[in-house]
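A note on names: the letters A, B, ... follow the listed sequences, proteins ahead of strands, and every chain is numbered from 1. Computed from a prediction, not measured in an experiment: that's the story for all the values here.
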Amino acid sequence: MPEGPSIVIIKEELQSFKGKKILQVEGNAKIELALMENKKIKDFKSWGKHFLICFDTFYLRIHLLMFGTYRINERKEADPRLLLKFKNSEFSFYTCSIKLIKGNPAESYDWDADIMSETWSHKKAVKKINSFANEQVCDVLLNQDIFAGVGNIIKNEVLFRTRIHPESVIGNLPRTRLNALVKDARDYSLQFYIWKKAFVLKKNWVIYKKLNCLKCKSKVTRAYCGKTKRLTCYCENCQKIY
DNA sequence: CCGGTTGTTCAGCG
DNA sequence: GCGCTGAACAACCG
């Protein structure tokens with residue numbers, strides 16, 4: 001479920017609940033559920049992999065982690081972490097992290113760092129990346145302070161699309177290559193969103209979990225790269241190391 | 001059918 | 001206090 005584009009899709013699917021009054025709250029989240037009863041949902045927001053349910057004086061921050069799921073007007077068999085019931089409708093979240101945070105999310109996030117945001121800033125991202133000169137590209141792409149919403153699939157695909165070896169060191173990347181990387185992180189995330197909505201995301205993967213390189217047909221290398229040690233699929237032949 | 005994983009946090013250690 | 005490692009969480013897919 002959980003890379004940035006998928007969170008934007010959740011936000012869209014829940015739009016009809018905006019402004020509606022919550023009649024009943026259930027779930028095993030370790031928060032004070034009663035606080036939401038008889039309150040109206042002010043807004044839904046997303047920042048990277050965070051999904052936010054906003055109320056007047058607080059908001060819920062939901063992170064789906066690896067296995068989180070949700071349902072709208074239907075239930076899973078498992079106990080919901082959070083179930084919000086309305087007059088003739090409901091939605092629920094499962095196996096996720098939920099925090100209740102006081103205040104307004106507008107002030108607590110760097111919105112320009114969200115890869116899916118209308119206000120995404122390429123320039124700010126480049127500036128931040130330059131302070132990680134000794135880090136590997138595969139780690140920096142997963143840094144949520146720089147690329148909020150980019151996950152392991154987007155990382156793999158972007159590195160292949162830009163022909164950059166995952167273990168390249170930031171300080172060695174020519175400026176044009178760094179710009180291409182940042183631009184494609186944004187472009188591919190928007191593409192991921194379109195493909196995901198059309199249920200054709202997986203079939204459009206070009207390197208992630210592929211056996212052979214689509215371009216040169218050589219065997220795709222699989223390794224747990226960088227400090228993050230996340231599965232990385234890449235082509236030794238087509239992706240240049242800097 | 002069982003191992004791996006679209007993710008993050010935290011304890012424990014040197 | 002730092003960086004690093006491993007555990008914990010927990011469910012679905014191939």
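Between A:S117 atom OG and A:D110 atom CG the span is 9.5 Å, to the nearest 0.5 Å. Annotation: the span from A:N237 atom CG to A:K215 atom NZ amounts to 8.5 Å, rounded to 0.5 Å.
With ring centers used as reference points, A:F17 lies under 6.0 Å from A:F91.
Stretches of at least 3 consecutive Watson-Crick or G-U wobble pairs, with each checked distance under 3.5 Å, appear in DNA chain C as B:2-5 with C:11-14, B:7-14 with C:2-9.
Ion pair A:K196/A:E3 not flagged as a salt bridge, since none of the NZ, NE, NH1 or NH2 atoms sits closer than 4.0 Å to an Asp/Glu carboxylate oxygen. With respect to A:E26 and A:K85, a salt bridge is recorded, a charged nitrogen being found less than 4.0 Å from a carboxylate O.
Counting to the nearest Å, the P atom of B:dT8 and the CG atom of A:D139 are 13 Å from each other. We find that OH of A:Y224 is positioned 3 Å from P of B:dT5, with the value rounded to whole Å. Spacing between atom CZ of A:F51 and atom P of B:dT8 amounts to 17 Å, rounded to whole angstrom units. Atom CH2 of A:W47 is separated from atom P of B:dG7 by 14 Å (rounded to the nearest Å).
Tested against A:H50 for a ring pair (Phe, Tyr, Trp, His ring centres under 6.0 Å), the candidates A:Y109, A:F44, A:Y59 yield a single pass: A:Y109.
Taking the side-chain contact (heavy atoms from CB on, under 4.5 Å) definition, one finds that A:S131 meets it with nothing, sequence neighbours left out.
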For this session: Starting at the 5' end of nucleotides 7-14 of chain C, put B wherever the base has a protein heavy atom under 4.0 Å, S where only the sugar-phosphate does, and a dash everywhere else.
Result: ---BBSSS
Seminar exercise, completed: Counting primed atoms, P, OP1 and OP2 as sugar-phosphate and everything else as base, the B/S/- map of nucleotides 9-14 of chain B against protein heavy atoms under 4.0 Å is ------
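If you chain together hydrophobic residues whose side chains sit under 4.5 Å apart, A:I10 and A:W111 never meet in one group. When the side chains of ILVMFWY residues are joined at heavy-atom separations under 4.5 Å, either directly or via intervening members, A:Y94 and A:I98 end up in two distinct hydrophobic clusters. Under the 4.5 Å side-chain contact rule for hydrophobic residues, A:I194 and A:M116 share a cluster.
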Restricting both atoms to N or O, compile the protein contacts to nucleotides 3-5 of chain C shorter than 3.5 Å, with distance only.
unit_1: C:dT5; atom_1: OP2; unit_2: A:K229; atom_2: NZ; d: 2.8

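Only the P atoms considered, C:dA7 is 16 Å distant from B:dG3, to the nearest whole Å.
The residue A:L231 sits close only to the backbone: its heavy atoms come under 4.0 Å of sugar-phosphate atoms, none of a base.
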Please output the side-chain donor-acceptor pairs of residues 158-171 of chain A that fall under 3.5 Å, not counting sequence neighbours, one pair per line with the distance.
unit_1: A:R161; atom_1: NE; unit_2: A:D184; atom_2: OD1; d: 3.4
unit_1: A:R161; atom_1: NE; unit_2: A:D184; atom_2: OD2; d: 2.7
unit_1: A:R161; atom_1: NH2; unit_2: A:D184; atom_2: OD1; d: 2.9
unit_1: A:T162; atom_1: OG1; unit_2: A:V158; atom_2: O; d: 2.7
unit_1: A:T162; atom_1: OG1; unit_2: A:L159; atom_2: O; d: 3.4
unit_1: A:R163; atom_1: NH1; unit_2: A:F160; atom_2: O; d: 2.7
unit_1: A:H165; atom_1: ND1; unit_2: A:E167; atom_2: N; d: 3.0
unit_1: A:S168; atom_1: OG; unit_2: A:H165; atom_2: O; d: 2.8
unit_1: A:S168; atom_1: OG; unit_2: A:K240; atom_2: O; d: 3.4
unit_1: A:S168; atom_1: OG; unit_2: A:Y242; atom_2: N; d: 3.1

